[in-house]
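Lettering of chains follows the sequences in order, A, B, ..., and the numbering in each one begins at 1.
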Protein chains: 2
Amino acid sequence: MKKAKVLPCKRPYSLGKRLELSDKKKARILAAARLLLEKDGFLALTLEILAGESGVTRQTVHNLFGSKTGVLEALFDQIAFSSGMEQMRNVMQQPDPDTMLDGFIGVFSAFWTKNRLLFRRIHGIAAIDPEFGSVLLARNQRRLSAATRILSVRSSKTGENFAEQTAQRVAVLHALSSFEFFDALAESCGSADQAARLLPGLVKKALGM
Amino acid sequence: MKKAKVLPCKRPYSLGKRLELSDKKKARILAAARLLLEKDGFLALTLEILAGESGVTRQTVHNLFGSKTGVLEALFDQIAFSSGMEQMRNVMQQPDPDTMLDGFIGVFSAFWTKNRLLFRRIHGIAAIDPEFGSVLLARNQRRLSAATRILSVRSSKTGENFAEQTAQRVAVLHALSSFEFFDALAESCGSADQAARLLPGLVKKALGM
DNA sequence: ATTTAATTTTACAAATTGTAAAGTTAAATC
DNA sequence: GATTTAACTTTACAATTTGTAAAATTAAAT
């Protein structure tokens with residue numbers, strides 16, 4: 001005789017501790033993904049290895065992130081929204097545009113330094129995979145609008161209000177504060193710290209300040 | 001009765017026309033690889049599709065290039081050693097360092113402009129795959145030594161012979177003449193041509209000239 | 001004790017890269 | 001023109017990896 005399958009009458013159920021555990025696993029997976037990505041690169045990072053390093057099964061990775069690129073997008077979001085970037089708030093509230101500019105450069109130098117290898121991989125993925133590339137555009141956009149604001153405020157304060165020149169300066173500042181340039185400069189200098197020391201003066205000279 | 005298999009007594013054989021045909025196929029494959037790479041990126045480029053577009057079988061691609069990355073390395077070599085770069089000879093033979101510098105910037109601006117999408121992909125692959133990354137280092141090295149020469153000659157002519165400052169300038173010039181910076185600047189400006197127009201002045205200001 | 005849902009286990013399909021062998025074809029040589 | 005040579009194709013197969021799906025397990029919530 002079959003056991004009659006009882007129809008589940010829905011009962012309220014809050015996740016509580018189970019959600020905590022799940023979040024911890026998510027965090028472990030992202031941490032492992034970061035290490036593996038930095039160490040061996042995107043091609044060598046398989047979900048099998050990632051799951052093994054995280055202490056879960058491959059299917060759990062799928063359940064939590066949907067796909068391989070899903071893991072990377074989550075990792076990118078985690079980095080972008082947390083460590084180091086919250087200081088941009090303060091920077092953008094400074095009254096003096098020169099102080100803003102220094103803060104802007106400083107925050108991004110620190111950010112690129114801290115996450116250099118990871119961003120190199122992530123930008124690499126964006127460069128080879130147009131679909132993933134769109135993920136980065138939003139971030140770039142925010143840096144662009146910050147650069148625009150800084151230079152607009154400055155040009156209105158100094159009175160030199162040529163729209164064209166400001167647009168050109170914005171482009172230059174945006175390019176000089178990009179990860180790509182920072183990484184290239186750090187490579188040329190021999191260290192990210194040296195690049196961070198060089199950058200502020202370089203930017204000012206390039207902007208003609 | 002079996003046909004006795006005749007032992008091949010080696011006879012001289014020069015490839016002649018067959019080599020030509022083979023080279024044409026190679027060229028067709030590389031051309032198709034470039035288009036596909038630029039259009040859809042590295043992940044979407046499969047050997048199956050590449051073979052189809054080139055009018056050969058997948059195994060022929062393997063025979064000619066060994067592997068997928070083999071195709072890319074061959075493509076990279078083809079670009080790096082041919083189109084546009086031969087002008088660097090002339091540039092480096094100029095007597096005046098300022099002329100050299102202008103030529104240096106000009107040649108690379110044109111080179112990056114011409115191969116922008118392709119280099120974006122190639123640098124992307126290098127960024128995600130450490131093994132492939134080493135392929136780019138040699139090229140970067142040649143640009144670095146050119147930058148070093150230009151600035152050394154210049155500092156010895158102007159008399160300002162501080163080794164430290166020259167080293168710093170070399171690093172800056174190397175970073176400002178990198179593909180990564182050019183691509184970022186072109187993105188900010190809206191076009192590669194505009195970036196190419198901006199770059200010479202920017203470099204001079206950044207180098208304090 | 002029962003219900004719930006996260007996680008694991010297990011199984012499978014599809015795509016892709018890579019390898020290998022036999023057969024085909026056309027150029028080069030005699 | 002017949003034979004040799006090697007590029008190329010055809011065909012087949014193995015390995016890896018991603019992605020999907022269902023049942024079984026487990027531990028938390030009720």
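- Remark: A:Lys114 fails to qualify as a cation-pi partner of A:Phe119 under the 6.0 Å distance and 45° angle criteria applied to the six-membered ring.
- The salt bridge (Lys or Arg N to Asp or Glu O under 4.0 Å) pairs that include a residue from residues 74-84 of chain A number zero, where partners must be two or more places apart or lie in different chains.
- Straight-line distance from the CG atom of B:Leu36 to the P atom of C:dT16: 13 Å, rounded to whole Å.
- Separating the CG atom of B:Leu21 from the C1' atom of C:dT25 is a distance of 12 Å, rounded to the nearest angstrom.
- Taking atom CZ of residue B:Phe65 and atom P of nucleotide C:dG18, one finds them 14 Å apart after rounding to whole Å.
- Note on A:Glu20 versus A:Lys24: no salt bridge recorded, every NZ/NE/NH1/NH2 to OD/OE distance being 4.0 Å or above.
- One can place CG of A:Asn63 at 18 Å from P of D:dA24, the figure rounded to the nearest angstrom.
- What separates CG of B:Leu64 from C1' of D:dC8 is a distance of 9 Å, to the nearest Å.
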- Letter per nucleotide, 5' to 3', of nucleotides 12-23 of chain D [B base touched, S only sugar-phosphate touched, - untouched; heavy atoms, 4.0 Å]: B----SBBBB--
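- Under the 4.0 Å criterion applied to side-chain N and carboxylate O atoms, A:Asp102 and A:Lys204 are assigned as salt-bridge partners.
- Between the NZ atom of A:Lys24 and the C1' atom of C:dT7 there is a distance of 16 Å, rounded to whole Å.
- By the 4.5 Å heavy-atom criterion applied to side chains, A:Arg143 and A:Ser177 are counted as neighbours.
- In this entry the distance linking NZ of A:Lys26 with C1' of C:dA6 reads 12 Å, nearest Å.
- Here the P atom of nucleotide C:dT16 and the CZ atom of B:Phe42 are 13 Å apart, to the nearest Å.
- The residues B:Arg120 and A:Glu180 are annotated as not salt-bridged, no charged nitrogen and carboxylate oxygen being separated by less than 4.0 angstrom.
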